[in-house]
Amino acid sequence: MNTLIFRTIAPYLTSLMVLFSVFVLLRGHNEPGGGFIGGLIAASAFAIYGIAWGVSPVRRAIYFHPLGIAGFGLVLATFSGMLSIFFHAPFMTGLWGYVPIFEDEIPVSTVLFFDIGVYFVVVGAITSVALALEERSRD
Amino acid sequence: MNADSSWVTFLVMLSPFIAAFFAPALTRLLKHNAAWLLALVPALVFVHFASFAPKIADGGVVTGGFRWVPSFNVNFSWYVDGLSLTFALLISGIGALIVLYSGGYLKNNAHLGRFFSFILMFMGSMLGLVLSDSFLMFFVYWELTSITSFLLIGFDHTRAASRRAAIQALVVTGGGGLLLLAGLLLIWNVTGLTEMSLLLRSGDLLRESPFYLAIFVLVLGGAFTKSAQFPLHFWLPNAMEAPTPVSAYLHSATMVKAGVYLLMRLNPVLGDTVAWETVLPIFGGATLIVGTLLAIRQTDLKLMLAYTTVSSLGLLVLLTGFGTEMAIAGGVLYLIAHSMFKGALFMVAGSVDHGAGTRDITRLGGLMRIMPITFGAAIVSAVSMAGIWPMFGFLAKEELYLGLFATQTWPLLMTFVAFVGNGLMFAIGFAVALKPFLGDLKADSDHPHESHILIWLGPAVLAGLSFLTALFSPLTHHFLSSPMASAVAGETVSVYISLMPHIGMPLLLSTVTIIFGVTVYLMLDRARALMARILDAIGWGPDRGFDQFVNGVVRLSFAVTGWHQSGRMENYMKATFIIVAAAILLPMVLNGELPAWPAFSDDIHFYELAIMAIAAIGLIAVLQAKNRLTAIVSLGIQGFAVALIFMLFGAPDLSFTQFMVETLSVVILALAMTRLRLTPTDHRPTREVIVDSTIALLCGLAFVLMLLRVVQVPFDPTLSEFFKQYSLSIAHGANIVNVILVDFRGTDTWGEIAVVLIAGLAIHALIRIRSGKRRGEMAANEPSE
Amino acid sequence: METYMILLVGVFFSVAVYLFLSRHIIRILLGAAILGNAVNLLIFTSGRLTREVPPIIATGPTGTPETMANPLPQALILTAIVISFSFFAFLLVLTYRTYQELDTDDTDEMRFAEPRGQQMPPLEY
């Protein structure tokens with residue numbers, strides 16, 4: 001996969017896809033999308049980058065170990081589920097609040113953080129698999 | 001009875017187990033002298049139960065307990081009547097002597113502490129067995145005696161003979177235990193009772209039940225294996241591999257009588273039927289005769305005694321089955337007498353072994369002067385065993401002849417059987433008690449000597465008791481024999497027999513028995529040679545049969561395992577998928593739930609059909625792919641087609657996810673496949689192709705039929721409607737699928753992302769672990785520093 | 001239109017099972033990927049098919065449509081897709097490593113756990 005065009009375009013494509021994945025993740029509650037899809041899109045983006053430029057640049061780019069990201073996602077999801085315990089509600093009860101930013105009120109909820117946790121788990125785990133296999137195929 | 005003493009009884013029942021726990025530490029501290037301390041435990045148990053004697057002699061019973069599993073009506077309860085009391089006193093009394101004896105006998109054994117522990121555990125189990133009221137408790141203790149017996153027989157586990165004997169005993173008595181469990185459960189089912197005490201008052205309930213015969217056979221299975229009845233007697237002589245204290249205690253005085261105890265206990269509710277009064281005497285009589293005949297063949301003191309124990313157990317079963325009051329009284333007296341004289345004789349055999357270095361009767365002689373106390377105990381016990389005045393055995397023999405003798409054919413036959421058995425036992429008893437002690441001095445040891453006090457104390461006390469119990473027979477009868485006989489018969493029975501001989505048939509029979517016995521004793525060597533020749537001619541016995549049975553089971557299981565675990569994965573897969581297809585198809589066919597012929601409606605659009613066709617083509621292409629790349633691309637085709645199907649039928653979320661997953665699948669498949677030198681096509685023989693495709697098509701058909709049936713029933717939209725209705729109002733989300741995932745069923749999703757994470761970790765680990773081969777190569781390639 | 005889908009599901013299952021019955025582990029792997037899709041379609045179809053209307057509640061002026069696709073099977077399948085992908089990846093790596101260790105992709109040759117010619121257990125005590 002050493003074509004010049006692919007190598008040139010890969011970083012831009014990857015950035016766009018990651019941006020798009022975040023968009024898909026955040027709109028998921030009301031439109032098609034969500035953590036699973038977003039995570040898969042981001043993981044594909046990293047896989048593309050890895051195919052074009054090799055594994056090491058990807059690892060440098062995402063800085064954390066992919067499985068670390070996945071672990072963080074699981075912890076985030078767990079905590080956002082457990083938050084409801086402090087409000088005398090069962091595990092995983094959604095809590096909603098509205099944060100005023102400029103003139104809009106942005107809904108913020110534990111459910112959103114749960115979905116972000118799902119996103120991180122999927123991104124982390126699948127990127128880890130893809131990178132590991134790419135690494136193998138080169139040695 | 002008040003609660004306090006109830007708790008005392010509970011503690012007393014547990015005390016042997018507690019002592020067993022501390023025995024090893026105590027033995028490390030005090031060496032063999034720990035026996036004196038440990039013997040206090042059974043002694044205290046003896047005293048505790050002896051204090052019940054007056055109350056029980058007056059016809060009372062002692063009960064107590066507490067609820068254990070109330071929901072199943074299972075209690076931890078005990079019930080002490082004459083039968084239990086006599087057994088409890090024998091167990092604890094002889095137990096105390098055995099503990100002392102063990103201390104002397106195994107003085108220099110490195111594992112003496114362990115031995116004490118085992119034997120005390122056995123004592124606790126046996127005590128529990130005879131005292132328990134609830135069936136479940138009874139069964140648990142019954143199995144515990146089998147297990148502790150296994151441990152004790154296999155005590156010298158470095159010898160193969162010990163191991164074999166231990167396993168044999170466990171298999172036979174454990175198998176019998178299972179039969180007994182079934183029998184007890186059946187009794188529970190028929191009567192609804194879980195307690196012996198209530199069952200004994202249930203009258204004819206069991207006898208009139210249609211399951212009587214089944215219960216009878218199952219209970220007999222338990223009793224006959226435990227009490228070594230012919231043809232299941234073979235494990236008992238083999239169990240003589242155990243140290244002598246074990247033989248004396250478990251395999252003559254107590255455990256083997258558990259089967260007799262069971263029969264006696266259930267006699268009031270199961271007895272008095274044709275089956276009972278035919279089967280028991282026949283098996284008991286056969287055991288009596290076979291046991292004595294085999295005993296003649298032996299030259300080892302312990303084996304001779306073991307076979308006579310088999311015959312004594314046969315005699316007890318015969319008497320229990322006979323069922324008359326006198327026969328039962330005879331059985332009761334004989335049981336008590338047997339525990340005393342046989343226990344003593346076993347200990348004598350051990351003492352001779354210890355002092356003279358061998359147990360072979362042909363290599364022993366003239367020990368009378370050297371071992372006077374042992375000799376005294378031996379001769380007194382042999383007199384009791386032979387049933388000669390003035391020992392307790394005499395009372396037993398008189399009473400049992402009195403009970404058996406009658407002029408009809410059946411009792412006459414039984415009397416004859418008992419007569420022959422007793423005569424032969426007379427001869428063997430005296431052979432054991434006289435031959436090692438009379439004549440010229442013969443011994444294997446260079447310095448034959450009298451045994452340690454710990455060793456001679458037990459037989460001496462038991463021999464003394466054989467005499468004292470007979471001398472004070474009214475007391476014995478009042479406190480032991482009569483209450484026990486009453487409990488066995490289920491009605492009040494009084495035993496009167498005393499040392500005053502009364503002229504009659506029994507006395508005559510006794511005299512003839514003695515003459516017969518003396519004759520056999522004098523011709524013992526010739527009789528032994530004759531028996532040896534006969535047995536060699538037969539050349540097969542249940543003991544050999546046991547080995548053949550066990551080997552057969554091992555071979556069978558090996559063959560079966562080899563057949564169904566062939567190590568060929570496609571066989572496992574075939575079995576799995578055949579079962580999958582059968583599990584779906586069979587219920588549909590059997591219940592007449594096959595779907596109606598489906599309607600191929602016209603409301604399908606052309607492009608929908610086209611996409612379905614593309615999916616099908618992709619699938620076929622995967623099957624037909626000639627190289628790796630085609631296979632991967634074809635896999636991608638069917639995946640993207642599925643994604644399009646999701647899109648067409650209102651599932652954009654699924655569609656996106658499927659697209660991404662298929663892309664990633666193709667990518668990682670391509671990454672991995674380039675590293676594998678594989679041929680993606682497989683060449684199956686035509687026969688396999690036919691079989692495999694049949695299975696595959698059957699599975700496909702099964703799912704098609706199931707799905708057709710599913711869509712033909714009206715759809716129940718309750719759950720979907722719930723989500724549609726509440727998604728926005730309580731979960732603030734318009735995308736219902738996402739709301740279900742992250743809110744309504746959030747915990748499920750949480751579990752699923754955990755699975756994804758674990759899969760990621762597992763893959764990471766798999767890739768990171770380098771193979772040993774490669775590691776070796778790498779080490780070889782690395783420059784040495 | 002469900003009937004056509006059902007027949008397609010049958011084809012999916014048949015192909016997956018046929019691949020599973022192979023001796024070559026790589027074919028079993030392909031079978032596993034297809035079986036995942038087969039089960040997803042099975043669940044999807046048993047929740048009934050509705051054309052083109054995603055289960056999204058309209059908040060705008062048009063209002064929520066009368067009929068929309070059944071959201072429940074979709075929620076089940078969404079996670080199933082991701083999980084079966086993880087499973088597939090795991091199997092793939094397992095296959096890959098097995099091939100490296102044992103130098104074969106033939107399941108009959110993989111005799112590490114169940115070696116050929118097993119010895120009869122000893123008959124002595």
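In the text below, chain A, chain B and the rest are named by the order of the sequence lines, each starting its count at 1.
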Heavy atoms from other residues, nucleotides or ligands near CZ of A:F64 exceed 12 (cutoff 6.0 Å)
no
Does some side-chain heavy atom of B:I753 sit less than 4.5 Å from a side-chain heavy atom of A:L74?
yes
I'd like to verify something: which residue of B:V739, B:N735, B:I668 has the highest number of heavy-atom pairs under 4.5 Å with chain A?
B:N735
Under 4.5 Å from a heavy atom of chain A, the part of B:L741 involved:
both
Ring center gap for B:F744 and B:F722 short of 6.0 angstrom
yes
As an exercise: rank A:S44, A:S128, A:G73 by heavy-atom pairs under 4.5 Å with chain B and give me the winner.
A:S44
Comparing A:V122, A:N30, A:I41, A:D115 against chain B, the one with the most heavy-atom pairs below 4.5 Å turns out to be A:N30
Flag if over 12 foreign heavy atoms under 6.0 Å of OH, B:Y726
no
Examine whether an atom of B:V667 lies under 4.5 Å from a heavy atom of chain A, and if so say whether it belongs to the side chain, the backbone or both; otherwise answer neither.
side chain
For B:L609, does the CG atom have more than 12 heavy-atom neighbours from other residues, nucleotides or ligands under 6.0 Å away?
yes
Answer key: most heavy-atom pairs under 4.5 Å with chain A among B:S727, B:P652, B:G733 is B:G733
Option that, when pairs with chain A are counted at under 4.5 Å, heavy atom only, ranks first among B:V661, B:D653, B:I758
B:D653
Greater than 12 external heavy atoms within 6.0 Å of A:F87's CZ:
no
Counting only heavy atoms closer than 4.5 Å, note whether A:I126 contacts chain B via side chain, backbone, both or neither.
side chain
Could you look at B:I763 and say if it's the side chain, the backbone, both or neither that has a heavy atom under 4.5 Å from chain A?
side chain
